[in-house]
Each structure stands twice: as C-alpha cells, then as structure tokens.
There are 2 protein chains.
Amino acid sequence: MSKLPSLKNLSYLLALHQHQNFNRAAQACNVSQSTLSSGIQNLEEQLGCQLIERDHKSFLFTGMGEEVVEQARRILTSTEELLYFAQSQGKIMEGPLRLGCIPTIAPFLVGPLTKQLQVDYPKLQLNIREDTTDNLLHLLRNGELDVLVLALPVDLQGNQSYVLGRDPFKLVMHQSMADNLHEPVQYNQLPDNSIFLLEKEHCLTGHAVAACELADSTKINPFTATSLHSLVQMADARLGATFIPQMAIDRGILNGTDLVALQPTGQQASREIGLVYRPTTNRRQTFRRLAEFIAQLLPEPLLK
Amino acid sequence: MSKLPSLKNLSYLLALHQHQNFNRAAQACNVSQSTLSSGIQNLEEQLGCQLIERDHKSFLFTGMGEEVVEQARRILTSTEELLYFAQSQGKIMEGPLRLGCIPTIAPFLVGPLTKQLQVDYPKLQLNIREDTTDNLLHLLRNGELDVLVLALPVDLQGNQSYVLGRDPFKLVMHQSMADNLHEPVQYNQLPDNSIFLLEKEHCLTGHAVAACELADSTKINPFTATSLHSLVQMADARLGATFIPQMAIDRGILNGTDLVALQPTGQQASREIGLVYRPTTNRRQTFRRLAEFIAQLLPEPLLK
DNA sequence: AACCTTAATTAGTATTTCCGATTATAGTAA
DNA sequence: TTACTATAATCGGAAATACTAATTAAGGTT
C-alpha cells in the first residue's frame, strides 16, 4: 500500500486552487513559494497522476486535479471538524456556527433567532449567510458553512436534515380586490396574469405553486420579483395577488399596507422548513438543539 | 487556528484501538512502540483532550477517544479512497472491490455475478462478504466494505443507493397442500401456524410479511429457520408453507423437491434490491456500472 | 533591450520523526 | 522475598523531511 498524501500537501493544493497563483497561495499558507511548489509535485508523485498542467508561465488544473481538490476539501473539512470537536468537547452551544439561510426565510427568522440565542446561549457566535438553495448547498459541501435553514422538499444531495415545522402560504392582495372572494380562494375567480411570483431561483415559487395547487399557469404574471418585499409592494399597488409565507406576515411584512391575507386552495398550503447538515458531521447534538430552538420560532413547529 | 492532527497519528490511534496494545499496534503500523506512544501523546496534545486513560500497566479509551476514533476512521477512509481514486484514474472497473451482500441474496447472486464479471471486467477483483444488513452497514461506515447489495426499504443511515430491481415473493408449499388453493392465495385458507419464516435478523422476514400483506400473525409458526434452504427443507417435509424470493427459485432452490410456488396476496408482493454506498464515495461511476450490471441478473430489473 | 512576473530548481538549514535503549510499574512464578 | 515477564513512558541521537533564500528559465511588458 502506497503512502497516504499528507494533509499539509492537500491544503497546499487547495490554496493553489483558490488563489490560482503559487506565490499568493504560498503566502496564504505561510510558506515559501518553493515549499508549496515542491509540495504539489510531491502530491502528484504520491497520487501517481498529473494534477496541474504547467505552461512555463502559467498553469491549469487538470480534470483529475479538480476532482482531487473536491475530495481534499472534504478531507480537510472533516479533519478541521475533528479538531474543533475535540477542542470544544462538551460545549455544544459555544463557539462559531456558520449558518446559511434562504432569502425568503432569513429576514423573518434571523432577528428573533439571534436575539433569543443571545439570551439562551450567549457564547454561541452565529454567523449567517443568505443565499439561494443551490449556492448554500454548495457552500455546505465545501465546508464553508456548517448548517442550513432551507424550505423543503429539495434535493439534499446526500445531506441530512431535521424537519423543523411548517410555514403556511397566504394569498395576499389589496383589500379592494378581496371583497367578492371567499376562502379558500378558487383561482378561477382571479383574472389572468394576476398572480405575481418571485424569480425562479427562489424555491418559494415552486413550493407555493405546488402546495397551493395552482395548476392554471395562465393566472401567473410572467413578470417576476426579486424579494418578498417587492411582491408586497406590487400587491399593494393593486397590480395583482401573490403568495406570502405566514412567517413573513407574522413579522409584519404587511404592516402599513392595505393588503389582506386569504387562505389559498390546497390540501396543505404550506412549505416545510428544515435544518440541513452534512451526513459526516460531528455536531449533531448542536444541530439538534438548534433545530428545536428554531422550530419554536416557526408558525407551526413540528419538532419537540 | 491550531495545527491539524496528522493522518499518521490518527492511524496510530486507530491501530491502538483495534489491537488494544501498544506493541502489537506499533507492529501493525511498522513503527516502534515508542513512536506510536509519542504519536498518541502528540495527538492528545494537539486535540487538547485526553483520548486514553492510562493505568500504569494498561489503558482504556475515554468516551472522547472512542469518538475521535470514529471520526478518524472516516477521515482515513476518505484519504485512502482519494489515493486509490487518483492512482486508478480512468479504470473504473479494475482493481479490488469489496462488496457486502445479505444471506438471502448472496447465494443466488454471487455465482452468476462473479462468472459474468470475470468475462466483462476480468481485472475487477470482487471480494464478497455475506452478513446481516446491520453488520454490513457498519462495515460500510467503517470503510471495510465499498458497496452493499441489500433488500430495501431499510434505514440507510445516511448512505445512498441505486435501486436495481424487484424480486417477487412466492408462497412455496408442498404440492399436496396446494390442491384446493387458487391464486393469489388468501391466507385464511391456510391453517394456523402453517407459515414458516426466517429469524428476525433477516430483513426478508419483515419485507415478506409487509409485501405480501400477511396481517394475521396467527398463521405464522413461531419456529424460525436460519436460511432459505432450511425453509425449503421444512416445506418439503410438509411442515407448512413459506415465502421464497423469485431469485432463489430461478437459481433452482426448489429443484429435487415436491414444492410448488404460488402467487401470494399483496399489491406488489416483492422486495426491492438496492446497491448501497457511502455518500462521500468517489467511485460513483464504478457503482453505477456495477448497478446496471447486477440489475440485469435480477428477476425484474429497474435500472437502465 | 531592459524589466517584471511567474514557476521550477538547487543547496544548505531547520525541524520533525523515528528508533533503540532504558526506565518505571505491575503482575506472576519460583 | 526474589527473579522474570509484560507493559507503556522517556530520552538521546540518527535519519528523514520540510523549509527557505537565492537562482534560473521563460514569457510578457514597457
């Protein structure tokens, strides 16, 4: 059996991949350029394959090199987690925690969450990143985030999750449009192009359409918004109706508008909120506790 | 940020855990006892916590030590996989492949599988281990196996799977017992205690009962068998009926008996066969190919 | 042509890792 | 008691390795 590559050399490779430059990568690793250079060569020899194509002046990662980078990242992440785990034994709610959250949840969750965490677990340093589901999953895989709050169902790509609770959808429109409607609202009572949704990058769009059984796409206006706040503005301007999650309404997104929230059609007109983490994590206890904590902040908690 | 523990020291810890003796562990690692001893101490210092309790003459892993062993195993497995992956680039169907299979599948799959693999991929060294679902999943987690063939559904414990196909259940009994029955067989036509099953360790028992909708447990004889071949013997001795998967029948398990195979009740009276692998694997291509390959050997392939 | 940037190479130095021998301790046999 | 065995820790020196600074080589820029 050949010798295993060293973590050090793997980290050199990662740095090189990140900086795409030997000198800057070496600086980032606090070693000289020659050290990093020979480290990479060493690695190539041990692995028995070329990782970067050299071109005298510049270089390019080979396909193989990219693959190795991916896997090396996972290995280093696991090792860092092991180190962190051992060093902070017994203190599951202390230290840094990097949480990712989608834009249709974050603005309505982060406030109460950080506030309450500060009280219950003052030593927990919560670091929040807001991004789309796809990007967050990518950051989770790469070890740049520890845990995500997503709307389910979604392809977890091998990750694991706790279901935290449900967040009902409401059909929101100007009160002048709601007079002759009764709940649950049948969509055929609405004019064509009268329902506004978010850009397709937001999973809320798909979830709302599915959960509220909005089969008739002629009702959907092709113009898309980039945030729930925009949607609210548009509805308040009497452009049409839209779906808004209960969480956002509870946090007062409709305050100061003339909008009303009606019950839409749909057996279970709601989305599920879940906490997602790597299957290889060693912080399940932390995530479990956090899950119970967040669940209590949701309109319909399912956990504990 | 503190320095990462070295893979070497982690492997020393694993060896010590396995052999529970410094000298033997050191031998297994091809290093001296002093090297291993100081390696472990080094590790404890880096991780900032005690991994083993020393007792002058002997020692004991602490709870923390056991945890670290678990995680170290994963890290080392990943690294070995990375090494193997790089060294055998492009040759997805070559080299060693350690496959685990449950006892109610193995005897009927392994023969044709190895025979056909030998023809199509002669450089693949298939290594087969037969054990219960639980044990196989444990070995998969520990990196002692690469891939499993299991009957689904089963708690995959964070692993991933390809569904290969279905394997129908047949109700097997002596032909003299089958005369006044018609298919699909209603179980109330059978006497109490007349259905024999395997020990509960075998997932086949649960799968058969569920798939064949055998709700009335008074029909089940409390005496359990340890293999399908025993069940066949018992049925042939006119002790009662039993469920046998089609795979086994196709491979001639009923040859030389006076047994008949009848269609049992049940919407879909069959079990699913799946190929299970770690979510962190880098051999998906290999497993995919293998999955397609095995699927073709099943009674009802679902793949490709 | 002179100069800058880039990565590889080289040779010498510093650090780390490893081993063999020894020590310390406890259990066991004479 | 007194050897004897087995265990893990410790220590000093040797071997392996990792690292650096300086240099080289080659392409791009002024």
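Predicted, not measured: the structure shown is a model, and the values here were computed from it. To find a chain, count down the sequence lines: A is the first, B the second, and so on, and within it residues start at 1.
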| Between A/Val149 and A/Ile294, does a side chain to side chain contact (heavy atoms under 4.5 Å, CB included) hold up when you go through it step by step? | CA-CA 9 Å; A/Val149 175; A/Ile294 296 179; 3.9 Å; yes
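- Here A/Asn23 reaches the OP1 or OP2 of C/dA7: one of its side-chain N or O atoms lies under 4.0 Å away.
- Whole-Å rounding puts the A/Gln27 CD to C/dT6 P distance at 11 Å.
- Scanning residues 32-41 of chain B for heavy-atom distances under 4.0 Å to DNA chain C yields B/Ser32, B/Ser34, B/Thr35.
- Near-neighbour residues of DNA chain D inside residues 42-53 of chain B, defined by a heavy atom below 4.0 Å, are absent.
- Surrounding CD of B/Glu94 are more than 12 heavy atoms belonging to other residues, nucleotides or ligands, all under 6.0 Å away.
- Counting to the nearest Å, the P atom of C/dG27 and the CZ atom of B/Phe59 are 16 Å from each other.
- For the side-chain contact (heavy atoms from CB on, under 4.5 Å) test, residues two or more places apart in sequence or in another chain that qualify with A/His229 are A/Phe108, A/Ser227, A/Ile253.
- B/Phe287 is linked by a ring-ring contact (aromatic ring centres under 6.0 Å, His included) to B/Tyr277, counting only residues two or more places apart in sequence or in another chain.
- With rounding to whole Å, B/Asn30 atom CG is found 9 Å from C/dC19 atom P.
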Close N or O pairs between protein and nucleotides 11-14 of chain C (under 3.5 Å):
none

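- If you measure from atom CG of B/Asn21 to atom C1' of D/dA8, you get 10 Å, rounded to the nearest angstrom.
- Partners of B/Asp120 by side-chain contact (heavy atoms from CB on, under 4.5 Å), not counting sequence neighbours, listed by chain and number: B/Gln116, B/Phe293.
- Not counting sequence neighbours, the partners of A/Ala291 by the side-chain contact (heavy atoms from CB on, under 4.5 Å) test are A/Tyr162, A/Leu164, A/Leu275, A/Leu303.
- In this structure, the CZ atom of B/Phe22 is 6 Å from the C1' atom of D/dA8, given to the nearest Å.
- A salt bridge links B/Arg54 to B/Glu44: at least one charged side-chain nitrogen sits closer than 4.0 Å to a carboxylate oxygen.
- Considering only residues two or more places apart in sequence or on other chains, B/Ser34 meets the side-chain contact (heavy atoms from CB on, under 4.5 Å) condition with B/Ser32.
- B/Arg284 pairs by the side chain to side chain donor-acceptor pair (under 3.5 Å) definition with B/Gln160, not counting sequence neighbours.
- Heavy atoms only, all atoms of each residue included: B/Asn282 and B/Leu82 are closest at ND2-N, 3.6 Å.
- Atoms NZ (A/Lys3) and P (D/dA16) sit 12 Å apart, rounded to a whole Å.
- Only B/Lys8, B/Tyr12, listed by number, bring a heavy atom of residues 5-16 of chain B to less than 4.0 angstrom from any atom of DNA chain C.
- Residues that satisfy the ring-ring contact (aromatic ring centres under 6.0 Å, His included) test with A/His17, not counting sequence neighbours, are A/Phe61.
- The backbone N or O of A/Leu198 sits nowhere less than 3.5 Å from a side-chain atom of A/Thr224 that would complete a donor-acceptor pair.
- Sorted by first and then second residue, the pairs that involve residues 135-145 of chain A and meet side chain to side chain donor-acceptor pair (under 3.5 Å), not counting sequence neighbours, are A/Arg73-A/Asn142, A/Asp131-A/Asn135, A/Thr132-A/Asn135.
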